[in-house]
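Labels below follow one simple rule: chain letters A, B, ... track the order of the sequence lines, proteins then strands, and each chain is numbered from 1.
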Amino acid sequence: MSAPVRVRFAPSPTGSLHVGGARTALYNWLLARRHGGAFILRIEDTDAERNKPELTRQILDAMTWLGLSWDEGPFLQSDRAPLYREVADRLLNEGKAYRAFETPEELEAQKLAAEAAGAAFRYSGKGRDIPREESDRRAAAGEKFVLRLRMPDEPIVVDDVVQGRTEFPAGALDDFVLVRSDGHPLYHFCVCVDDVDMRITHVVRGVDHLANTPKHVALFRALGAEPPVFAHLGMILGADGKKLSKRHGAAGAEEFRAQGILPEALFNFLALLGWSPGDDKERMTKEEMIALFSLERLGPSPSRFDHEKLSWLNGQYLADTPNERLLELLGEFPLPGVGNEVLLSAIALHKSRAKTLVELASGLALYGADPSTFEEAAERKLGGPEAAARLLAIAQDFEALPEFSHASLEAAARAYAEKAGIGLGKIAQPIRLAVTGSAASPPLFEVMELLGKETSLRRIRAFADRQPKPE
RNA sequence: GCCCCCAUCGUCUAGCGGCCUAGGACGUCGCCCUUUCACGGCGAAAAUCAGGGGUUCGAAUCCCCUUGGGGGUACCA
């Protein structure tokens, strides 16, 4: 394997980068980066029906977001029709492929007949025996035909790096269609032609393609090319073990983005779904993954998508990400209308408490408008006339402070608590509720310092005000 | 139907014949830290290695069967 590594990711334009596809792309990317090779992006849009540039755009955006940069492409199969036609002609001339003139109706009838007889349908291979002259004549006369590959009579071995060696007996596959009767080249054909043309050395993709791989091997041979190294990945399933889809909450990279998942976290999480570096490493930078990656360490079995673990990982990344970058990332979510300086400090206070950017953004809301609602259970417990009196009293103490810093606020609160013969929590909790609307927040006095004297005292007094009066 | 793949704690996984009385991580449950909530630290519960046969002095690791999941079988990708 001295040839430079060349791999590709070849999604069809569905408009969403499914996490299964994202992980496939990621492993291809890792392999290319590991070996200093090339990562090629190719769009499989031979199915003209659903092929809109917009859908491709979304996939590219998601890849860019995830940090999966490609070196060549994106190539569109729809742009490569002349190449497919040329290769199809060559295969026909070399006798490796042949014209078959059955109509879809005839094929359908044969299929039904086979089914009725309890046998599996397989194309008869009838077209194989049509002499070339006759074939040319009928084609010239305008008779409809498809181009089929002449499958070899010997068994086909697929030696997969991940799934192991599999032998498909001779005759297990029939002569499949390369080019439709309307001249459109079909998926299997385009894939192989492109892989040869692009000098792809390793094909890393989902197991759903494994059963089709012998077709590809036969095609590579017919094309006079050595098949690439194959690595078929297990599927990614939802938490219920079913195929992962939108009904599991999210299935596309862009949906995770909208949920406030960091691209680095999703990258790391996806990498671990089917790959293990061997030691007990969990959190890794891209550079570490590149250094450690190898196809041999990919696992063959399907895995479930554990959103809980993603959430944890995301929280880890959130806590470690510099505030400035977080502020940038937060741009996609609603933020209170305060200055960046306040936001940056607030982010520092809140980031270890949030699992997603969405959570972080909503935590930041308290630096905007005064709270209009208060946690009901907390207010029942922490409110009341006595609490109101204390709040008013301590507000006075705070008011008198020479400087409104968290240190002096804390000192004042401690002094108050001691004088009143209560624990610090007894006075801090009502203040917290008054200031943030919630019984849980970052360190109270730091929050107050950030909020400033005026806002903090206004909130404390307003909260005291809404408490029932004595008698 | 036929062909193919997969199978270790609830989940992601380590393990590639003896180091396994099966290791790590998420989640769960305790305790500690603490003005609350997180973070962090410590600890616990959690896998008869799907079941059954072999092979071997020795099997989670190799082979076969069964069961359960998944995929393929298109003039879809």
Legend entry - Protein-nucleotide distance (I236(A), atom CD1; U13(B), atom C1'), rounded to Å: 14 Å

Legend entry - R304(A) vs U13(B): side-chain N/O to OP1/OP2 distance below 4.0 Å: no

Inset, instruction - At under 4.0 Å between heavy atoms, which parts of nucleotides 28-50 of chain B does protein reach? Answer with one letter per nucleotide, 5' to 3': B base, S sugar-phosphate only, - none. - result: -------BBBBSS----------

Legend entry - Residue whose nearest RNA chain B nucleotide is more 5′ - L310(A) or G274(A): G274(A)

Legend entry - Selection residues 406-430 of chain A - residue pairs positive for side-chain hydrogen bond (donor to acceptor under 3.5 Å, both in side chains), sequence neighbours left out: S405(A)-S408(A), E410(A)-R414(A), Q429(A)-R432(A)

Legend entry - is_close_aromatic(F9(A), W70(A)), centroid dist under 6.0 Å: no

Legend entry - C76(B) OP1/OP2 closer than 4.0 Å to side-chain N/O of R180(A): yes

Legend entry - Distance-only donor-acceptor check, side chains N212(A) and Y187(A), under 3.5 Å: no

Inset, instruction - Before accepting this row, confirm whether a basic side-chain N of the pair E376(A)/R380(A) lies closer than 4.0 Å to the acidic partner's carboxylate O. - result: yes

Legend entry - Integer-rounded Å distance: A25(B) C1' and N314(A) CG: 16 Å

Legend entry - Partner nucleotide of A7(B) by Watson-Crick or wobble geometry (both distances under 3.5 Å): U67(B)

Legend entry - RNA chain B: 5'-proximal contact among A239(A) and V179(A) (nearest heavy atom): A239(A)

Inset, instruction - For nucleotides U36(B) and U21(B), find the distance between their P atoms and express it as a whole number of Å. - result: 45 Å

Anything under 3.5 Å between a donor and an acceptor, one on a side chain of residues 234-244 of chain A, the other on a protein residue two or more places apart or in another chain? List them.
| unit_1 | atom_1 | unit_2 | atom_2 | d |
| --- | --- | --- | --- | --- |
| D240(A) | OD1 | K242(A) | N | 3.0 |
| D240(A) | OD1 | H248(A) | NE2 | 2.8 |
| D240(A) | OD2 | H248(A) | NE2 | 3.2 |

Inset, instruction - Starting from C1' on G1(B), measure out to CZ on R122(A) and report it in whole angstrom. - result: 12 Å

Legend entry - C33(B): pairing nucleotide in any strand, Watson-Crick or G-U under 3.5 angstrom: none

Legend entry - Counterpart base for C2(B), defined by Watson-Crick or G-U wobble contacts under 3.5 Å: G72(B)

Legend entry - Base partner of G27(B), which must satisfy Watson-Crick or wobble distances under 3.5 Å: none

Inset, instruction - Looking only at side-chain atoms of K111(A), point me to the closest of G1(B), A77(B), A74(B). - result: A74(B)

Inset, instruction - Could you tell me whether S181(A) contacts a base, only the sugar-phosphate backbone, or nothing, with contacts defined as non-hydrogen atoms closer than 4.0 Å? - result: base

Legend entry - Check: E375(A)/S438(A) side-chain N/O donor and acceptor closer than 3.5 Å: yes

Legend entry - Candidate nucleotides C75(B), C4(B), G15(B), ranked by approach to the side chain of T166(A) - the nearest: C4(B)

Inset, instruction - Any ring-ring contact (aromatic ring centres under 6.0 Å, His included) involving residues 155-183 of chain A? Give me the pairs, sequence neighbours left out, ordered by first then second residue. - result: F176(A)-H188(A)

Legend entry - Atom-to-atom span, CD of Q163(A) to P of C4(B) - whole angstrom: 14 Å

Inset, instruction - Between U35(B) and U28(B), how far apart are the C1' atoms? Round to whole Å, please. - result: 28 Å

Inset, instruction - With C1' as the reference atom in both, quote the distance from G51(B) to G41(B) in angstrom, rounded to an integer. - result: 42 Å

So which protein N/O to nucleotides 21-24 of chain B N/O distances come out below 3.5 Å?
| unit_1 | atom_1 | unit_2 | atom_2 | d |
| --- | --- | --- | --- | --- |
| G24(B) | O4' | D280(A) | OD2 | 3.4 |
| G24(B) | N2 | E282(A) | OE2 | 3.2 |

Using the 3.5 Å cut-off, write out each protein N or O paired with an N or O of nucleotides 64-72 of chain B and the distance between them.
| unit_1 | atom_1 | unit_2 | atom_2 | d |
| --- | --- | --- | --- | --- |
| G71(B) | O2' | D208(A) | O | 3.3 |

Legend entry - C1'-based separation of U56(B) from G70(B) [nearest Å]: 33 Å

Legend entry - Y84(A) and D194(A): side chain donor to acceptor below 3.5 Å: yes

Inset, instruction - Please determine, for A59(B), whether a Watson-Crick or G-U wobble partner exists with both distances under 3.5 Å, and give it or none. - result: none

